[in-house]
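So the structure is just underneath, and the comments pick up after that.
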Amino acid sequence: MQTADVVIAGAGIIGITLALELHSAGASVVVLDRGEPGREASRAAAGMLVTQDPDTDPLLLPLARLSAELYPKFLDGIEADSGIKVHYETNGAIYVAEENEQFSVAPLSPPEAQELEPALAEHPRAFLLCEQRLDPRLLIQSAVASARKRGIHIHHEAEVLGVALGPDHRLEVVTRQGRYAPGIFVNCAGAWASQIRGCSAPARPVKGQMLAVVAPNCALHRVIRASHVYLVPRSDGRIVIGSTLEEAGFDKTVNPETIQHLHQAAANLVPGMGEASILEAWAGLRPGSPDDLPVLGPGVLPGSYIATGHFRNGILLAPATARVMSQFIQGQAVDLDLKPFSPSRFARSELRVG
């Protein structure tokens, strides 16, 4: 039986960022993952930090805005530890809107939009939004390296099977590699969070297919978004195009027809994308919840907690989730009201506590 102050299930960006926060508060932390750290939704993401979107649930906005405020300092810390630069960009996004989509900022005139992004097709309703972006693959690499440098133990192929109270009323965490006796357990297992007996969350996988292209004669300087497609430029010259929303269980098959459809949708916004070469295509599994809001709060067992269900916003919400969950776990005043995200909002049958 191994001991630690905190055991976290899930080495995606939510689990790793929370581990860093709790370690900074003085806790010894172990992070356990069923596979390689950061290889699931965190690595598959686009890396847009979207705080201005017509589809964003108003309940999510305070958490999103707090996270955007925390990001610069968070990145400074992990980059200093790891030496891995995440390429955080702050020059905003251009949103190409339909008639029914409303924003609080004035639209760009066609000449203004063309001046900002010459490759963009002319459109009567384009908006410049104050958003940031980063490379999520570099983010998770940097965060994992930072955690290890600080002494956080991260174990791969260590799937958490369940949590229970032992004879001494302490938590016991059962994995495929052994058992742990922590003071605190946190389920950050993403799309797999429903599979942990004793501290389950109503999470489900929501598949998203994406591709990366290279277009030497079509430079983009900022994110281009519409309701059905987005284009995200990377510092290495790639442009990431996404993404689908599919209820397909744990299937991560990449469908060539779907990839071609996304490629064409991108070309409709930026005509030069039609000549771009596809470098890579992939699928990720976002952790959805029944209402598509995060699940943040206490589990059923004393000392157990849940932090999952971030759906399309895991990268954006990681620093704020770490901040508020660390405060909650330590019994401190919490920066934001967590009631909208409480696990108790779901019926016991939905929690499927094992």
Side-chain angles (χ1 to χ4, degrees), residues 1-38 40 42 143-144 146-201 203 287 294-310 318 321-332 334 338 341-344 351-354:
M1 184 79 72
Q2 303 178 61
T3 60
D5 294 331
V6 180
V7 167
I8 294 173
I13 193 60
I14 298 296
I16 294 296
T17 308
L18 178 57
L20 287 164
E21 191 80 14
L22 290 169
H23 183 269
S24 295
S28 61
V29 184
V30 173
V31 184
L32 307 173
D33 198 273
R34 57 187 299 278
E36 291 287 338
E40 293 295 342
S42 299
V144 168
S146 173
R148 284 178 165 148
K149 184 171 182 178
R150 297 186 198 185
I152 295 169
H153 298 283
I154 304 171
H155 301 293
H156 68 283
E157 297 181 2
E159 181 181 3
V160 174
L161 303 177
V163 186
L165 288 179
D168 59 355
H169 300 287
R170 284 180 57 88
L171 290 174
E172 290 188 6
V173 178
V174 180
T175 79
R176 294 194 182 278
Q177 289 188 340
R179 293 173 178 261
Y180 291 80
I184 298 293
F185 172 78
V186 191
N187 181 350
C188 298
W192 289 265
S194 66
Q195 300 179 3
I196 297 178
R197 297 190 303 272
C199 188
S200 180
V295 185
L296 307 174
V300 174
L301 298 176
S304 69
Y305 298 86
I306 296 167
T308 191
H310 292 75
T321 296
R323 167 74 66 85
V324 298
M325 284 301 298
S326 176
Q327 292 169 336
F328 189 83
I329 289 167
Q330 295 178 76
Q332 300 173 351
V334 180
L338 294 185
F341 313 119
S342 172
S344 66
L351 285 170
R352 297 197 300 276
V353 176

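- Closest approach of T308 to A201, counting heavy atoms only: CG2-CB, 3.8 Å.
- Residues P37 and R148 are in side-chain contact: their nearest non-hydrogen atoms beyond the backbone lie under 4.5 Å apart.
- Among residues two or more places apart in sequence or in another chain, the side chain to side chain donor-acceptor pair (under 3.5 Å) test is passed with E157 by none.
- Without hydrogens or angle criteria, S194 side chain to S200 main chain gives no donor-acceptor distance under 3.5 Å.
- Put simply, CD1 on I196 and CG on L161 are 9.0 Å apart, with the number rounded to the nearest 0.5 Å.
- Legend: residues meeting side chain to side chain donor-acceptor pair (under 3.5 Å) with R323, ordered by chain and number and at least two apart, are D335.
- Within the 4.5 Å cutoff, the side chain of V31 has no heavy atoms near those of the D33 side chain.
- Among pairs with a residue in residues 171-194, those fulfilling ring-ring contact (aromatic ring centres under 6.0 Å, His included) read W192-F250, at least two apart in sequence or across chains.
- Within the structure, salt bridge (Lys or Arg N to Asp or Glu O under 4.0 Å) contacts touching residues 159-178 (residues at least two apart or in different chains) are E159-R176, E172-R179.
- At least one side-chain heavy atom of F328 sits under 4.5 Å from a side-chain heavy atom of P298.
- Nearest approach of H156 to Q177, heavy atoms of both residues: O-NE2, 3.6 Å.
- The distance from atom OG of S342 to atom CD1 of I306, rounded to the nearest 0.5 Å, is 9.0 Å.
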Sequence neighbours excluded and cut-off under 3.5 Å, please list the side-chain donor-acceptor pairs for residues 6-29, or say none.
residue: T17; atom: OG1; partner: I13; partner atom: O; Å: 2.6
residue: H23; atom: NE2; partner: R150; partner atom: O; Å: 2.9
residue: S24; atom: OG; partner: L20; partner atom: O; Å: 2.9
residue: S28; atom: OG; partner: D5; partner atom: N; Å: 2.9
residue: S28; atom: OG; partner: D5; partner atom: OD2; Å: 3.2

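- Minimum heavy-atom separation, N187 to A193: ND2-O, 3.0 Å.
- Looking at residues two or more places apart in sequence or on another chain, you find a side-chain contact (heavy atoms from CB on, under 4.5 Å) between L301 and V163, L165, L171, S304.
- The NE2 atom of H153 sits 9.5 Å away from the CD atom of Q2 when rounded to the nearest 0.5 Å.
- Rounded to the nearest 0.5 Å, atoms CG (L338) and CD (Q327) are 8.5 Å apart.
- H310 is listed as a side-chain neighbour of T321, based on a closest heavy-atom distance under 4.5 Å.
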